[in-house]
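Here's the structure, in structure tokens; my notes come after.
What you see is a predicted model, and the numbers here were worked out from it, not measured in a lab.
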Amino acid sequence: MERYRKLGHEPAVPPITTLLTVAWTGSWGLGLVLAGCVLATAQNVVLTGALAGRVTDQSGAAVARASVVLRNLGTGVQQSVTTNHTGLYRFQALIPGAYSVTASLQGFRDVEALVRVQVGNTSLQDIKLQVGAGDEAVRVVGTAPLLRPTESSASTVLDRSLIDDLPLNGRKYTNLMTLTPNTSYDGDTGLVSIAGQQGGEDSGYANGNGSSAFTVDGTNATNNYFADIVGRYRIPYLYGEDSIQEFQVAVSPYSAIYGGGAGFVNAVTQSGSNASTATAQSPDNLSERIQKITSRPEFAHAHFGIEFYSLDSGKVVYALNSDKLMVPGSTTKLLTQGTILELLGGDYRFHTRVYRTGPINKHGKLDGDLVLVASGDPNLSGRIQPDGTLAYENEDHSYGGRDSKGLGDPLLVIREIADQIAGKGIKRINGRVLADASLFPEGERELGTNVVISPIVVNDNVIDVIATGGAKKGDPVTLQISPKTSYLQIINQATTAESGSKPNLNFTDEKVDATGTRSVTLTGTLAAGSNSGMMPYAVPEPSQFAVTLLTEALRAKGIDVSPRRAAPAANFKELAARYTPENMVAEHVSPPLKEEVKITLKVSQNLHASMAPFLVGALVAHKDKDISQAGFDQEHEFLKKAGLDLTGASQSDGAGGNAFFTADFMVHYLTFMTSQMDFNDFHRGLPILGQDGTLFKIQVNSPAAGHVQAKTGTYVIYDALNKKLMVTGKGLAGYVQTRSGQHLAFAAYVNMVEVPMDDPDAVQKIAGEALGEIAAAAYEVN
């Protein structure tokens, strides 16, 4: 849930052409065929480096048949050779990186040297053995020179030290290309000129507009921006600096194995490593940034569960306790809304109809009942806009609060229905006005705001109340009530207190009289001249609430509706036989479901989300018993087909009042959703960091504002022992488009954070901002 009562797919891989591995020639045909022929010859050279050297004794004489063992310090992989009669050894096709090379021979001490192999180059490491016991060893530390006895090329290899240590705008490794002599950016186009010839690097993309070649791991990357061979559409072909081991910039003249053109840029991505490392990013890397947040004193007893996953590379970027079940709060709505969106479809519309059960005579008298049949539409309200969209406030009226004023006419749809009924010529109803809420059972209260769940929802099943203090202490408090209806009488006993005092208003002493009319007393105080903000009253019987409102709307249209207090209870199974097209007197068609999903996700609407399992059970599974369970069964199958590990998930309501998820499960779910047909509508509905919905106050001034779209979640209980609030669950889960253009799915949870009660924004300031900072950190450093 998002509020509380104080007391109580695999991502698409861009197609890569392997045809072109050399410089763009600007023409097709034979030139491309010849380029393709070069690939087989050049593949190992452009992907790898080599190591060579000579093993001698102390006098400089060659040592034949010595064993030389080479070990990759990153992966631990070893290989060995034996020196020839002149003492020479050579290792070919080596992945660029750090190595140890050890020479040994009986009667000599083992000698180990540390060397670095660079792409497209041969490193030279001579080793001098010393007489000694075989269990003795000598380590040589130094820089192995590059062996280029037959090369005439001018080239530069830029390795991890440069990529890590120098500041890169957007973390683009290609910004370091200009460290190579005779290489520069070409005006303001973003292209790179090598030896005076325009290249093909454009803002991190290789577009093939120039005469220089780009490869990544030996595969052509020159023409992947506007590439006829892949359908001529733009591909997000951007490699972050963290993925690059090193790269080489070669300026003509150079070996024919590279092909023609002015220049050649060859990048090699990092291979796997057994070492645990952290990349130095400015100002800190993601792990360090997150640790600084989670180590704050206010989180001394809290638990974090976090995971960031790259939708581009398919790899986990960061994880902390991502396999532990956490209290997720309203991030649960991601599952219920994703499920209903995909199972019903974004264009699904609710049809709320009104039927007559008897004839209408020539005088306009209806001899029978008028039945409003609930369809499960959550938005019989003032949210509906002229263009068919649904509006929302960042602070939803159902939760109350200072930022909520209510939206439009809460009786908009009810009045529209009354207009249609009057248009049928009905002037008098000689029967009952009824609401058939049998689609699924009415009466259960959702666990966040205590609003009653029902298939009929008028104004979110609440009556909006805003109180305003008087001019001076002792003055009565004035009330603004919407909608005004005979369903509820509010007895106002609240008074004005001194200016600056804290509000203390409560609904008490609820009663129902013999006619079914309800009353409730408002007690307490409100500071002089102040506004209480929205104070919603949750109606106990939504169907009867709807009947009262429709009856009042019909009377406002001049239709005589006589009360029938002794009328028997309606048998809706029998009445359903009268629900025929010829008996329909009014129909309201809702905006598409994708608009409703937007509302539920943006403002974290608890009632709407709590209805979702019932709606899926009734409308998808077509059940009339155990309907909520049937909805969860449908959700289970939906998630199971996605291949998700459901041992990392537990859920018993639609809004998040009773649920547990691991961050890893949620991230896998969010990744799966990116491949679904209605993903764009799902994504569009998520709150935007620092801008709208439940994130409109979080990280407002952060560079990440506007670049994180995620669902929030909050679960809070009262700590009577310490007179504080315990945030048992706070969550943020969704998507980040990082500063460098990467796309991440993430889930971040913090559980068990104690906050003071005297600040209404304490939960947001302490726990909410912390999770917002974590998402912002991923935006900035990735």
Side-chain angles (χ1 to χ4, degrees), residues 1-2 286 290 293-294 303-311 316-339 341 597-598 600-604 609 635 639 642 644-646 648-651 654-657 659-674 676 679 682-690 692-695 698-699 704 707-715 727-738 743-751 764 767-779:
M1 69 184 68
E2 189 63 45
L286 183 58
I290 292 177
I293 297 168
T294 60
H303 314 294
F304 283 86
I306 306 169
E307 182 170 311
F308 285 89
Y309 177 85
S310 171
L311 296 170
V316 174
V317 174
Y318 173 88
L320 173 66
N321 299 326
S322 62
D323 61 341
K324 305 302 181 185
L325 287 169
M326 306 292 289
V327 177
S330 283
T331 62
T332 303
K333 295 182 175 83
L334 291 166
L335 273 73
T336 53
Q337 296 307 290
T339 299
L341 184 63
V597 168
K598 176 192 72 176
T600 301
L601 294 178
K602 285 286 189 185
V603 305
S604 200
E635 181 182 326
L639 299 175
L644 300 175
D645 178 10
L646 290 171
S650 173
Q651 181 186 358
F660 303 90
F661 299 104
T662 67
D664 182 70
F665 171 86
M666 187 60 75
V667 165
H668 277 77
Y669 167 74
L670 290 167
T671 302
F672 162 70
M673 284 301 296
T674 64
Q676 298 306 290
F679 172 69
F682 177 77
H683 186 259
R684 180 177 65 96
L686 295 172
I688 302 173
L689 186 71
D692 72 3
T694 53
L695 284 175
I698 301 295
Q699 292 290 289
H707 300 283
V708 177
Q709 289 186 250
K711 181 74 196 71
T712 56
T714 311
Y715 198 102
V727 184
T728 58
K730 186 67 180 171
L732 186 64
Y735 305 95
V736 183
Q737 183 170 354
T738 70
H743 301 85
L744 308 177
F746 79 99
Y749 296 110
V750 59
N751 290 180
Q764 175 181 281
E769 282 288 353
L771 297 183
E773 284 183 68
I774 288 172
Y779 164 79

Find the distance between [atom1] ([X]) and [atom2] ([Y]) and round it off to the nearest 0.5 Å.
| X | Y | atom1 | atom2 | value |
| --- | --- | --- | --- | --- |
| Thr336 | Gln651 | OG1 | CD | 6.5 Å |
| Thr712 | Leu601 | OG1 | CG | 9.5 Å |
| Asp645 | Leu639 | CG | CG | 11.5 Å |
| Glu635 | Thr339 | CD | OG1 | 4.0 Å |
| Leu325 | Asp664 | CG | CG | 11.0 Å |
| Ile306 | Ile290 | CD1 | CD1 | 5.0 Å |

Do you know which two heavy atoms are closest between [X] and [Y], and how far apart they sit?
| X | Y | answer |
| --- | --- | --- |
| Pro328 | Thr331 | O-OG1, 2.9 Å |
| Tyr749 | Ala663 | CE1-CA, 4.1 Å |
| Leu286 | Phe308 | CD2-CD1, 4.2 Å |
| Val750 | Ala767 | CG1-CB, 4.3 Å |
| Leu732 | Ala710 | CD1-CB, 3.7 Å |
| Met666 | Ala733 | CG-CB, 3.9 Å |

Test log, rule side-chain contact (heavy atoms from CB on, under 4.5 Å), inputs His303 and Asn321: CA-CA 9 Å; His303 314 294; Asn321 299 326; 6.0 Å; no
Using atom types as modelled and distance alone, determine if a side-chain donor or acceptor of [X] lies under 3.5 Å from a backbone N or O of [Y].
| X | Y | answer |
| --- | --- | --- |
| Tyr735 | Leu670 | yes |
| Thr600 | Val597 | no |
| Ser330 | Lys333 | no |
| Asn751 | Val327 | yes |
| Thr728 | Tyr715 | yes |
| Ser650 | Phe660 | no |
| Lys602 | Leu686 | yes |
| Gln709 | His683 | yes |

Parallel, tilted or perpendicular, as decided by the 30° and 60° cut-offs, for the rings of Phe661 and Phe665: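 Geometry flag for Phe661 against Phe665: parallel rings.
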From CA spacing to verdict: side-chain contact (heavy atoms from CB on, under 4.5 Å), Tyr309, His668: CA-CA 9 Å; Tyr309 177 85; His668 277 77; 5.7 Å; no
Check: His743 and Thr674 side chains under 4.5 Å, non-hydrogen atoms: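 Sidechains of His743 and Thr674: no contact.
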Worked verdict on Glu769 versus Gln764 for side-chain hydrogen bond (donor to acceptor under 3.5 Å, both in side chains): CA-CA 6 Å; Glu769 282 288 353; Gln764 175 181 281; 5.5 Å; no
Working for side-chain contact (heavy atoms from CB on, under 4.5 Å), residues Val708 and Phe746: CA-CA 10 Å; Val708 177; Phe746 79 99; 4.0 Å; yes
Evaluation steps, side-chain contact (heavy atoms from CB on, under 4.5 Å), between Phe304 and Ile774: CA-CA 11 Å; Phe304 283 86; Ile774 288 172; 4.3 Å; yes
